[in-house]
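Here's the structure, in structure tokens; my notes come after.
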2 protein chains.
Amino acid sequence: MNGTGTAAEDRVFAALANATRREVLRLLRERGPQPVQALADHFDMRRPSLSEHLKVLREAGLVSEQRSGRQRIYRLEAAPLAEVQDWLHPYERFWREQLKGLGDLLDRLPDDDQR
Amino acid sequence: MNGTGTAAEDRVFAALANATRREVLRLLRERGPQPVQALADHFDMRRPSLSEHLKVLREAGLVSEQRSGRQRIYRLEAAPLAEVQDWLHPYERFWREQLKGLGDLLDRLPDDDQR
DNA sequence: ACAATAGGTAGGCGTTTACCTACCAGTCAA
DNA sequence: TTGACTGGTAGGTAAACGCCTACCTATTGT
């Protein structure tokens, strides 16, 4: 009944677990939709490898492609990231408590380190 | 100057890209700190495999262990999840726009599909 | 029609992942 | 001090990953 199975979540997190793919998302976010070539210029990697990264991103629903002549324009699709945020929500109170605890600790010891 | 390199981000996302590990985090969040055995009861998997999952979570900084007699009590450490949320932030305006666009579309076509 | 361009697919290769069984180390209780 | 119990490590295996080179298809410009 939910439509967003754990396999989909796996695919999204796995897609994000790679610096190249996160960088592709950043480029699409900062510079808008682009053809593969323009993306490829930013990476020290052969084009077929980037194509495979784009496939992973497509299958995670994080990008879409739109054909335009002989180019494929890739576009950021952020909806799966909204689901990541939803997934994070129940943890938020934990990191707020824990970061607060850390702040308090640092307040109480304005001194230096141990090693 | 940042201290949270891309390798750390890789480790966190990779740790989350597995349903067993996400379930461990959920158990620690909902039921509090627990020894390995109590966690293992929830999985259809040999204990050494779960140990390896716990190691991945530890190395991502998502859990900590505290020895107590012969048990190891695992505890949720949510700070890396706060960094995931920070990473998500710049994408938020995209999914808001896109989800809004989808809503509008559904409003304008109360009809059915194409294929 | 032909050459050039954009970009995907096939297949190979070394590394990593996720599981397993076997074994080891530390702690506790009799 | 020996035996049970908790949980990690070693080592093996099959599958997945990330990269490569080679090749294929589709489109475009001459």
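Scope of the values below: all heavy atoms of this structure, side chains included, with no hydrogens, waters or symmetry mates.
A:I73 and B:F94 are assigned to two separate hydrophobic clusters, defined by single-linkage of ILVMFWY side chains at heavy-atom distances under 4.5 Å. Both A:L81 and A:L28 belong to a common hydrophobic cluster when Ile, Leu, Val, Met, Phe, Trp and Tyr are linked at side-chain heavy-atom distances under 4.5 angstrom. B:L39 and B:V63 fall within a single hydrophobic cluster, where Ile, Leu, Val, Met, Phe, Trp and Tyr side chains are chained together by heavy-atom contacts under 4.5 Å.
Rounded to whole Å, the distance from CD on B:Q66 to C1' on D:dG7 is 15 Å. One interatomic measurement links the two molecules: CD of B:Q37 to C1' of C:dT27, which rounds to 15 Å at whole-angstrom precision. One interatomic measurement links the two molecules: CG of B:L39 to P of D:dG8, which rounds to 10 Å at whole-angstrom precision. When the C1' atom of D:dC17 is taken as reference, atom CG of A:L57 falls 14 Å away, rounded to whole Å. In this structure, B:K55 places its NZ atom 15 Å from C1' of C:dC19, rounding to the nearest Å. Summarising the geometry, the separation between CE on B:M45 and P on C:dT21 is reported as 13 Å, rounded to the nearest angstrom. Between B:E52 atom CD and C:dC20 atom P there is a gap of 9 Å when expressed in whole angstrom units. The distance from atom CD of B:E59 to atom P of C:dA18 is 13 Å, rounded to the nearest whole Å.
Taking the side chain of A:S51 as heavy atoms from C-beta on, and the options C:dG8, D:dG7, D:dC20, the nearest nucleotide is C:dG8.
Checked by distance alone, B:Q71 brings no side-chain donor or acceptor within 3.5 Å of a matching partner on the base of C:dC28.
One finds a side-chain N or O of B:N18 lying less than 4.0 angstrom from the OP1 or OP2 phosphate oxygen of C:dA18. One finds no side-chain N or O of B:H53 lying less than 4.0 angstrom from the OP1 or OP2 phosphate oxygen of C:dT17. Put simply, A:Y74 has a side-chain N or O that comes within less than 4.0 Å of OP1 or OP2 on C:dG8. Contact check, B:R67 against C:dG26: no side-chain N or O comes under 4.0 Å of OP1 or OP2.
A residue-by-residue look at B:A14 and A:P35 shows that A:P35 has its nearest nucleotide of DNA chain C further toward the 5' end. DNA chain D is contacted by both A:S49 and B:V36; B:V36 maps to the nucleotide lying nearer its 5′ end (nearest heavy atom per residue).
A salt bridge links A:E65 to A:R67: at least one charged side-chain nitrogen sits closer than 4.0 Å to a carboxylate oxygen. Here A:R11 does not pair with A:E59 in a salt bridge; the nearest charged N to carboxylate O distance is not below 4.0 Å. Taking a cutoff of 4.0 Å between a charged side-chain nitrogen and a carboxylate oxygen, B:K55 and B:E52 do not qualify as a salt bridge.
B:E9 and B:W87 get closest at one heavy-atom pair: OE2-CD1, 3.4 Å.
As judged by a 4.0 angstrom heavy-atom cut-off over every strand, B:F43 is placed among residues making no nucleic acid contact.
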Could you encode protein contacts along nucleotides 22-30 of chain D as a string, one character per nucleotide from 5' to 3', using B for base contact, S for sugar-phosphate-only contact and - for no contact, with a heavy-atom cut-off of under 4.0 Å? B----BS--

